[in-house]
**Q** 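Structure provided below as structure tokens; questions to follow.
Here is how names work: the chains are called A, B, and so on, in the same order as the sequence lines, proteins then strands, and each is numbered from 1.
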Protein chains: 2
Amino acid sequence: MKVQNLLENTKQQMRKGILELCIMSIISDEGEAYPSDIITRLQESQLIVVQGTMYPLLARLKSAGLLNYTWKESDAGPPRKYYALTDGGSEFLDGLMGTWGQLVKAVKHSTKNLKVNK
Amino acid sequence: MKVQNLLENTKQQMRKGILELCIMSIISDEGEAYPSDIITRLQESQLIVVQGTMYPLLARLKSAGLLNYTWKESDAGPPRKYYALTDGGSEFLDGLMGTWGQLVKAVKHSTKNLKVNK
DNA sequence: GCAAGGTACTTTGCAATGCAAGGTACTATC
DNA sequence: GATAGTACCTTGCATTGCAAAGTACCTTGC
């Protein structure tokens with residue numbers, strides 16, 4: 001396996017786990033949002049997420065009671081499933097932010113002697 | 001599944017992928033290091049990594065040509081496998097740092113309207 | 001009306017990988 | 001030669017992002 005592929009692979013690995021954070025954060029920001037909308041918003045942050053990732057993830061969060069949704073008509077096209085945070089979801093998002101902060105700190109500590117790191 | 005468990009689960013997910021970065025960074029810092037040593041160093045950064053994670057990961061990096069190792073006698077106990085970065089490994093580490101930086105930026109962008117985020 | 005195109009939601013199966021648990025092996029101490 | 005400590009290694013499982021393929025609804029043009 002080439003180093004280039006390895007990098008891609010690892011990059012993908014790194015993204016795992018933070019998707020929930022970003023997605024819930026966007027929903028929280030918008031108040032409510034539908035999947036295709038979220039995907040577009042993530043692209044603005046240079047995070048490419050596809051439907052095959054988004055739908056199962058939202059379904060997981062929904063069944064965990066962190067999100068709920070309502071169907072809404074669209075001006076053009078089929079109805080959309082608008083997701084919003086539940087109270088538990090807001091709590092969870094707070095927790096995720098804390099975890100993320102810890103993680104960033106841990107990496108900073110581990111790489112503090114690396115010249116690239118600033 | 002309780003929210004508390006979900007948080008633990010996601011936290012674990014987040015750690016995936018950044019382990020390579022932290023481990024290679026530590027090896028780079030030390031010049032060479034053996035697995036149990038690296039685990040101890042990671043704990044200082046609040047990153048708990050166990051042997052069942054460490055050994056396969058190092059083996060992967062080794063077989064990818066990013067690390068090599070030499071056996072060294074120990075003052076007490078069995079000999080140790082000291083890992084060091086190859087030239088390719090250093091390059092790879094640079095790449096990982098870049099990827100990590102992008103990711104942090106992406107999360108920052110996605111969560112910029114969240115009050116917790118600063 | 002009905003074909004074509006666009007938008008949106010859903011499911012299936014694969015691949016990667018952290019981890020728990022259990023195992024092997026070498027050295028030192030008593 | 002038994003016990004304890006340190007170190008390395010392997011197996012199998014569970015999670016989950018993703019590619020690919022499928023279903024369904026709405027609008028537009030003829």
**Q** Under 4.0 Å from OP1 or OP2 of dC19(C): is there any side-chain N or O of Lys16(B) that close?
**A**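 Lys16(B) to dC19(C) OP1/OP2: no side-chain N or O under 4.0 Å.
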
**Q** Would you mind telling me which residue lines up with the more 5' stretch of DNA chain D, Tyr34(B) or Thr10(B), judged by nearest nucleotide?
**A**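 It is Tyr34(B) whose nearest nucleotide is closer to the 5' end.
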
**Q** Return the value, rounded to whole Å, for the distance between atom NZ of Lys72(B) and atom C1' of dA7(D).
**A** 16 Å

**Q** At less than 3.5 Å, do the side-chain atoms of Gln51(A) and the base atoms of dC18(D) form a donor-acceptor pair?
**A**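 In this structure, the two groups form no donor-acceptor pair.
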
**Q** Closest approach to the side chain of Val49(B), judged atom by atom: which nucleotide of dA8(C), dC19(C), dG17(D) is it?
**A** dC19(C)

**Q** Would you kindly give the CD-to-C1' distance between Glu20(A) and dT16(D), to the nearest whole Å?
**A**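 In whole Å, dT16(D) C1' and Glu20(A) CD are 10 Å from each other.
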
**Q** Can you tell me how far the CG atom of Leu19(A) sits from the OG1 atom of Thr53(A), to the nearest 0.5 Å?
**A**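 If we round to the nearest 0.5 Å, Leu19(A):CG and Thr53(A):OG1 are 7.0 Å apart.
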
**Q** Protein within reach of the bases, or only the backbone? For nucleotides 25-30 of chain D, mark each nucleotide 5' to 3' as B, S or -, using heavy atoms under 4.0 Å.
**A** BSS---

**Q** Could you grab the distance from atom OG1 of Thr99(B) to atom CZ of Arg15(A), nearest 0.5 Å is fine?
**A**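 Result: 11.0 Å between the selected atoms.
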
**Q** Expressed in angstrom and rounded to an integer, what is the separation of Leu61(B) atom CG from dA16(C) atom C1'?
**A** 14 Å

**Q** Output the single nucleotide from dC9(C), dC19(C), dT16(D) whose closest atom is nearest the side chain of Arg80(A).
**A** dC9(C)

**Q** Give a yes or no answer on whether the side chain of Ser110(B) reaches the backbone of Ala106(B) with a donor-acceptor pair at less than 3.5 Å.
**A** yes

**Q** Looking only at side-chain N and O atoms, does Gln102(B) offer a donor or acceptor that is under 3.5 Å from a partner on Lys11(A)?
**A** yes

**Q** Rounding to a whole Å, what distance do you find between Leu47(A):CG and dG17(D):P?
**A**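 These atoms are roughly 12 Å apart.
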
**Q** Does a side-chain N or O of Asn9(A) approach OP1 or OP2 of dA15(C) to a distance below 4.0 Å, or not?
**A** no

**Q** Looking at the side chain of Val50(A), which of dC18(D), dT10(C), dT16(D) is the nearest nucleotide?
**A**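 So the nucleotide nearest the side chain must be dC18(D).
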
**Q** Can you check the Lys11(A) NZ to dA16(C) C1' distance for me, whole Å?
**A** 18 Å

**Q** Spell out, yes or no, whether Tyr34(B) and Leu42(B) are grouped together once hydrophobic residues are joined by side-chain heavy atoms under 4.5 Å, including indirect joins.
**A** no

**Q** Whole Å only: how far is the CG atom of Leu57(A) from the C1' atom of dC9(C)?
**A**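 In whole Å, dC9(C) C1' and Leu57(A) CG are 15 Å from each other.
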
**Q** Of Ser25(A), Cys22(A), Ser45(A), which meets side chain to side chain contact (heavy atoms under 4.5 Å, CB included) against His109(B)?
**A** Ser45(A)

**Q** Kindly indicate, with the supporting measurements, whether the criterion salt bridge (charged side-chain N to carboxylate O under 4.0 Å, His left out) is fulfilled by Asp29(A) and Arg41(A).
**A** CA-CA 11 Å; Asp29(A) 183 30; Arg41(A) 285 286 307 271; 3.3 Å; yes

**Q** At under 4.0 Å, does any side-chain N or O of Tyr55(A) touch on OP1 or OP2 of dC9(C)?
**A**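 So the side chain of Tyr55(A) is within the cut-off, an N or O lying under 4.0 Å from OP1 or OP2 of dC9(C).
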
**Q** Short question: side chain of Arg80(B), backbone of Ser36(B) - any donor-acceptor pair under 3.5 Å?
**A** no

**Q** Does Arg60(A) put a side-chain nitrogen or oxygen below 4.0 Å from OP1 or OP2 of dT15(D)?
**A**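 No, Arg60(A) has no side-chain N/O under 4.0 Å of OP1/OP2 on dT15(D).
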
**Q** How long is the straight-line distance from CG of Leu66(B) back to CD of Glu91(B), given to the nearest 0.5 Å?
**A**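 Interatomic distance, Glu91(B) CD to Leu66(B) CG, rounded to 0.5 Å: 9.5 Å.
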
**Q** If you check the Thr53(B) side chain, which of dG18(C), dA20(C), dA8(C) turns out closest?
**A**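 Side chain of Thr53(B) sits closest to dG18(C).
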
**Q** Within the supplied structure, the quantity of interest is the number of heavy atoms (other residues, nucleotides, ligands) at a distance under 6.0 Å from Glu44(B) CD; does it exceed 12?
**A** yes

**Q** Using a 3.5 Å limit on both pairing distances, list the dot-bracket string of DNA chain D from the 5' end; Watson-Crick and G-U wobble pairs count, crossing pairs take [ ], interstrand pairs take |.
**A** ||||||||||||||||||||||||||||||

**Q** Can you see if the side chain of Arg15(B) gets near the phosphate of dC19(C) - specifically, an N or O under 4.0 Å from OP1 or OP2?
**A** yes

**Q** Check the distance between dA7(D)'s P and Trp71(B)'s CH2 and give it to me in whole angstrom.
**A** 12 Å

**Q** Could you state the CD1-C1' distance from Ile39(B) to dC19(C), rounded to the nearest angstrom?
**A**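 Checked: the CD1 to C1' distance equals 12 Å.
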
